[in-house]
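What follows is a single structure, written as structure tokens, with notes after it.
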Number of protein chains: 2
Amino acid sequence: MLVYGTKSFREHCREHGIAATHQRQVLYETMKTMHGHPSPEEVYARVKKKAPAISLATVYKNIHLFVESGVFRKVSMHHGPVRVEMNGEPHHHMVCSKCRKISDIGEKELGFVAKRNRLPGGFLVERYAVDVIGVCASCQMA
Amino acid sequence: MLVYGTKSFREHCREHGIAATHQRQVLYETMKTMHGHPSPEEVYARVKKKAPAISLATVYKNIHLFVESGVFRKVSMHHGPVRVEMNGEPHHHMVCSKCRKISDIGEKELGFVAKRNRLPGGFLVERYAVDVIGVCASCQMA
DNA sequence: TTGTAAGCGATAAAAGTTATCGTTTGATAA
DNA sequence: TTATCAAACGATAACTTTTATCGCTTACAA
Ligand SMILES: [Mn+2]
Ligand SMILES: [Mn+2]
Ligand SMILES: [Zn+2]
Ligand SMILES: [Zn+2]
């Protein structure tokens, strides 16, 4: 991940052609201190302590901006409306980062072998779900 | 996956202590024919052709029921509000199927090695995102 | 058959996200 | 420094997705 201190926040903004606003910087500094996998509402609650007048819309807009510029990351490609599948065969997914299309892929084609049944923290494994994130054939052509 | 014909749909309902309603059966039969990874709205649009009076609420309620009873499956544990993360180290996730808690896990602890850069259909791999689905330590105690 | 709890449809409400728009501010250059 | 103006902001409406509510209907078993 890109890591830059308070000072070079302005440089990052120049590189990406965006204004180094007060709100944007406080949001960035706040998020940097947050561990785990917060939702926009949780980020909003936290950043309001430092910038009480900030708008939820500004939080959303800048989270998108940070994600697009690679500063932070979404936890998954699958946020949003639920998707269900009727294919009961154990399989994994290829997810196109351009068009979001989801395709099935079996473990054999994937070359993936799940090894451990116990993981750090005493986590008991039920199954592995692999998302291969990349660019689908039609998006590569475009 | 459980697979049962029209006849044993009633048996499945008895096993799970639910009523074998007309709507529930039409919904099940319809979903069984759907490939890919449809949203509830897409399921609703399809099932309305066979049962025009069915309600969207009924579709949602029964999709939940089917998923809980293991007949069908959600594509991901991450549907719903977006989550961001500031941990820029490449890592994967353990997701508890009881409490939905998300924990980080590095590739080394996971024992996972991504092998291929090209996959069927000409999919170009950017990265692998592994979700280990299971039960966290505190949910095992409870 | 009949009683009753479960399930249904209609729809309101909640939750999450995006769009709109008038005002403010940051970046650039005079 | 000041003037200019596009970018960004806050407020909030609108939109999307999901859940809750409630009166009516139906499945089921007594
Ligand atoms: Mn699939
Ligand atoms: Mn993480
Ligand atoms: Zn694509
Ligand atoms: Zn748990």
Side-chain angles (χ1 to χ4, degrees), chain A residues 6-28 30 37-69 71-72 74-84 100, chain B residues 6-7 9-28 30 37-45 47-69 71-72 74-84 100:
Chain A
T6 302
K7 193 172 291 174
S8 66
F9 176 77
R10 307 185 71 83
E11 272 180 51
H12 169 82
C13 288
R14 184 159 325 135
E15 280 169 25
H16 285 270
I18 61 175
T21 66
H22 176 67
Q23 292 91 337
R24 194 164 280 158
Q25 180 153 5
V26 173
L27 180 61
Y28 169 74
T30 300
H37 309 90
S39 66
E41 288 281 353
E42 288 168 330
V43 172
Y44 178 55
R46 180 75 71 92
V47 76
K48 267 205 289 192
K49 293 173 187 170
K50 296 282 181 185
I54 201 170
S55 163
L56 178 60
T58 297
V59 171
Y60 269 99
K61 282 182 277 200
N62 283 296
I63 285 176
H64 291 330
L65 211 66
F66 290 150
V67 169
E68 279 158 28
S69 64
V71 178
F72 300 133
K74 287 187 190 176
V75 170
S76 163
M77 300 292 286
H78 297 293
H79 295 294
V82 70
R83 303 297 194 85
V84 51
R100 302 257 153 171
Chain B
T6 302
K7 191 171 295 176
F9 176 78
R10 308 184 71 82
E11 272 181 50
H12 168 82
C13 288
R14 183 161 324 137
E15 280 168 24
H16 286 269
I18 61 175
T21 66
H22 177 66
Q23 292 91 336
R24 193 164 281 159
Q25 179 151 7
V26 174
L27 180 62
Y28 169 75
T30 301
H37 308 90
S39 66
E41 287 283 354
E42 287 168 330
V43 172
Y44 178 54
V47 76
K48 267 204 292 191
K49 292 173 186 169
K50 295 282 180 185
I54 201 169
S55 163
L56 177 60
T58 297
V59 172
Y60 268 98
K61 283 181 279 201
N62 283 295
I63 284 178
H64 291 330
L65 210 67
F66 290 151
V67 169
E68 280 157 29
S69 64
V71 179
F72 300 133
K74 286 186 190 178
V75 170
S76 164
M77 301 291 288
H78 298 292
H79 297 296
V82 69
R83 303 298 193 85
V84 295
R100 301 257 153 173

*Between A/I54 and B/H64, just flag the one whose closest nucleotide in DNA chain D comes earlier from the 5' side.*
A/I54

*When you list every nucleotide of DNA chain C with an atom under 4.0 Å from a heavy atom of chain B, which one comes first 5' to 3', and which comes last?*
C/dG7 to C/dT17

*Shortest non-hydrogen contact from B/V82 to A/P40?*
O-CD, 3.2 Å

*Using the closest heavy atom to pick a nucleotide of DNA chain D for each, name whichever of B/I18 or A/R24 lands nearer the 5' end.*
A/R24

_Along DNA chain D, first and last positions that approach a heavy atom of chain B under 4.0 Å_ = D/dT17 to D/dC28

*Closer to the 5' end of DNA chain C via nearest nucleotide, is it A/A20 or B/V59?*
B/V59

*Side chains of A/V59 and A/V47: closer than 4.5 Å at any heavy-atom pair?*
yes

*Look at all strands and tell whether A/A57 reaches a base, only sugar-phosphate, or nothing, counting heavy atoms closer than 4.0 Å.*
base

*Parallel, tilted or perpendicular: ring planes of B/F72 versus B/Y28, cut at 30 and 60 degrees*: parallel

*B/V75: side-chain contact (heavy atoms from CB on, under 4.5 Å) partners, not counting sequence neighbours*: A/H78, A/R83, A/E85, A/H93, A/I102, B/H37, B/H79

*asked:* Nearest heavy atom decides the nucleotide; on that basis, is B/V82 or B/A53 closer to the 5' end of DNA chain C?
replied: B/A53

*With sequence neighbours left out, what residues match B/R14 under side-chain contact (heavy atoms from CB on, under 4.5 Å)?*
none

*Under 4.5 Å between any side-chain heavy atoms of B/V43 and B/T30, yes or no?*
no

*Five pairs at each end of the helix from C/dT1-D/dA30 to C/dA30-D/dT1: take the axis at both ends and give me the angle between them to 10°.*
30°

*Can you check whether A/E41 reaches A/L56 side chain to side chain, under 4.5 Å on heavy atoms?*
yes

_Once side-chain contact (heavy atoms from CB on, under 4.5 Å) is applied, do any residues pair with A/L65, and if so which ones, sequence neighbours excluded?_
A/I18, A/R24, A/N62

_As a quick check of understanding, evaluate side chain to side chain contact (heavy atoms under 4.5 Å, CB included) for B/V84 and A/F66, giving each step before the final call._
CA-CA 10 Å; B/V84 295; A/F66 290 150; over 6 Å; no

*Which pairs with one or both residues in residues 43-53 of chain A pass side-chain hydrogen bond (donor to acceptor under 3.5 Å, both in side chains), sequence neighbours excluded?*
none

_Sequence-distant partners of A/A45, side-chain contact (heavy atoms from CB on, under 4.5 Å), two or more places apart_ = none

